[in-house]
Amino acid sequence: MHALDKWIKDNSISRKKLANDLDISLASLSRYLSGDRIPKEEIMKKIISYTDGNISPSNFYIVKNINNNFSKYRNDHLLGIEDLKETEISSLLNRADEIIRENRVEPIVNQKYKGKTLVNLFFEDSTRTKTSFELAAKRLGIDVINMQIETSSIRKGESLLDTAMTLNAMQPDILVIRHSLSGTPHLLANKVNCGVINAGDGQHEHPTQALLDALAIRRRKKRIKGLKIAICGDIAHSRVARSNIKLLITMGATVNLIAPSTLMAEGLSDYGANIYNNFKEGLNGVDIVMILRLQRERMQGSYIPSAKEYFKFYGLDREKLSFAKSDALVMHPGPINRGVEIDSELADDINRTLILEQVELGVAVRMSVIEHLINNLELK
Amino acid sequence: MLKAASKNKIVFKNARIIDPYSGFDSFGGLITENKVIKDFGKNLFKNNTPDDALVIDCQKHILCPGFIDLNANIGEPGEEYKENINTASDAALSSGITSIVCMPNTNPVIDQIPIIQYIEKRARETNGVKIYPSASITKNLEGEKLTEMGLLLEAGAILFSEANKAINNATVMKQALTYAKNFDATIMISPQDPDLSINGVMNGGSLASKLGLPGIPKVAEIIQIERDIRLLESTGGKLHFLNVTTNEAIIAIENAKRKQLNLSCSTAPHYFTLNETAVDEWKTFAKVFPPLRNENDREAIYNALVKNKIDIISSHHSPQDQDSKRLPFEQAEYGIIGFETLLPISLDLHFNGKMELINLIDKLTYQPAKLLNLDSGKLKVNSPADLTLIDINTPYKLRLEDINSKSKNSLFDEYDVKGKILCTIVDGRMVYSEPNFKFSIENL
């Protein structure tokens, strides 16, 4: 509820009376209250004096969605890091750590979730994420259905909601969705009764990837808070970058984004990230270097002139890595373009990279997320 | 509903008559006879009214020319499941709109005489709102070959437009302006550079980046406007920019107008009422083209209207059915319906923007009439009796279920507004009356 609305209620007057007394229309008042509009200075002054200073201008500068949409997703779905608080991220990571410990002692199939169903709905090609979810679910004793939708018909989007409704009728417990268009998991989450996990939507988010990256960092560096982390490459088109930026900053890390300006997205500094176009400057003193995949179609043409030029200035090799801290580690969400974004030999150096570890931890993180959602759904 | 054409004379008494054309704003009366306005004035019908006329006591509500909407999509031909001429007509008339210009981006495109004839035939059958088809500038909206402008004008095309598109090729645009000049025809452009706006689905910037959506940068609009102004300077001719949405566009147009170019521009209520945050979390109803811009631009458009830097307000009525909107944001169709919200939303300019009512009504009536060379849009003896009676005092809530348009894709549901249309007259016939409005009618 808007602070002014609360004030109206507490002082038992009506919106109408307030609008009248302020000499504004009811429509404008309700727009102020819904956050659609911010009062002009003269009206703001009137409001402040009318409420004896109980309402201040800061009450009107609210982000509109804070109290509606996001919170409702929080318990039922994992649609983006955006929806998670620091404590929630920590508890998901802690549980993943526990799972790893349990599994290393003796891999057991948990019977607790027997009879539950998880549907993998992948509208975009994926090997690692899909298998990782499948394995995670199976380790929890959950039945898995893999839906590989033919890419051609999806492009027209014709069957999306129909497919979702059909699946919903089968009453799965968890729907894992990957789609090439941003916001699709949110669209489905509004239509189905089960928990939805976003396994990557367009250029928006890929939350489980960010969680597993965070877990990998935390296991090696024992913390995230206070670390300096560089994310390099095609930031503009990367959902992994967006999820990672949000997560790492929420957890108290410093994030440097490094990309040629054609591949840098607008507005990411709003989250508190530092923007660099120069690789060496951006790597200065960092603990972790995250390299993003560069898609082939962006290598020729208007984003960057050629793969060769890209590697020269933005590909990671040992020489550039020397600008980071001496114990800096290299991460990559995969699959790797060797010799484009990362030097091939460096990619294979297990002392400096976490690349394979990232894959392994993915299963544990996804188990943790699935458990969390199913437990929440059962509480309802 | 009153029986249409029950009398060939209608008297409106006790009305606040507003006519932007003559600057008349005063209480008085007005009489129509057959299809035209016969007389109006301050003291007319104060004491006595003629016996052979239908007399409406306007109870001090506002009587003004019916609105003329420059930018409407009415679904025909091709998308009758979204809107058809009957539903569009009902929606328009209940919104005080008596004339509309329909856009050529139909299926098939309005680039040939038979399509114009078809729309005119359907409009005659419907016998409601006056429909003026615009024809495309280039064949099939491909931006390459000019349409038969002269013949299309003869058949009834009111102007030439590419609907939501601009013409990418500067040579084609130059030829279009030059050739249209032969017939004194208006070229109407929705200015967004096609290359810069390619794939874009919302305003470019932080929010688009955050939602992972490709953006349409502001500069797409500015570049197109500046280029087309340069072309207009070199060719002469008449150019109108639809749906201007940015501060810089206003500045460019203002500067060009000082050079005495025959240039005008319009915008739509959503561009001065909403900003990009209406997209919220991929809310497809907020997907419009051009996109809703940021708060600074919204405010700039709002102020430009108040300061009379924008000539016309049009509805940008673009009905879309549920299946076209219930999709991932990038796949959903563009558009928002606009007839029924045109006046109520625009009235904010008067109530909160301190814009004189007569100036606001000017942008809905006489200014578009002037651009289109229509005889309506003003109160003048022997001009068409296209009128509307408005109650701007009683507040009400906009509700989607009350909307006459076949599609309900509006973002203004549940808005508290004023500006109810009490009745609408086209060619001296009462074609709409508000069900709850108590007419006190004499001589019925």
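Chain A is the first sequence line, chain B the second, and so forth, proteins listed ahead of strands; every chain is numbered from 1. A quick note: this is a predicted structure, and the numbers were derived from the prediction, not measured.
For chain A, the nearby part of B:Asp348 is the side chain; its heavy atoms alone come within less than 4.5 Å.
Using a 4.5 Å cut-off on side-chain heavy atoms (C-beta onward), B:Leu213 and A:Ser182 make contact. Residues B:Pro395 and A:Leu26 are not in side-chain contact: their nearest non-hydrogen atoms beyond the backbone lie 4.5 Å or more apart.
The NZ atom of A:Lys40 sits 6.5 Å away from the CD atom of B:Glu299 when rounded to the nearest 0.5 Å.
Crowding of B:Gln322 atom CD: a count of heavy atoms from other residues, nucleotides or ligands under 6.0 Å not exceeding 12. No more than 12 heavy-atom neighbours from other residues, nucleotides or ligands sit within 6.0 angstrom of CG on A:Asp23. Environment of CD in A:Glu42: sparse, with no more than 12 heavy atoms of neighbouring residues, nucleotides or ligands closer than 6.0 Å. The environment of B:Glu248 atom CD is dense: over 12 non-hydrogen atoms of other residues, nucleotides or ligands sit within 6.0 angstrom. Shown here is B:Lys397, whose NZ atom has more than 12 heavy atoms of other residues, nucleotides or ligands within 6.0 Å.
Residue B:Pro328 forms a side chain to side chain contact (heavy atoms under 4.5 Å, CB included) with just one option from A:Leu188, A:Leu160, A:Asp201, A:Leu161, and that option is A:Leu160.
Comparing A:Lys191, A:His237, A:Glu266, A:Glu205 by heavy-atom pairs within less than 4.5 Å of chain B, the highest count is held by A:Glu266. Counting heavy-atom pairs closer than 4.5 Å to chain A, the top residue among B:Gly204, B:Ser206, B:Pro214 is B:Ser206.
Across B:Lys210 and A:Lys246, no two heavy atoms sit closer than the pair O-NZ, 4.3 Å. Minimum interatomic distance between B:Ser209 and A:Ala265 (heavy atoms only, all atoms of both residues): OG-CB, 3.5 Å.
No donor-acceptor pair closer than 3.5 Å links the side chain of B:Arg326 to the backbone N or O of A:Leu187.
Relative ring orientation between A:His186 and B:Trp282 is described as tilted, the plane-to-plane angle lying within the 30° to 60° band.
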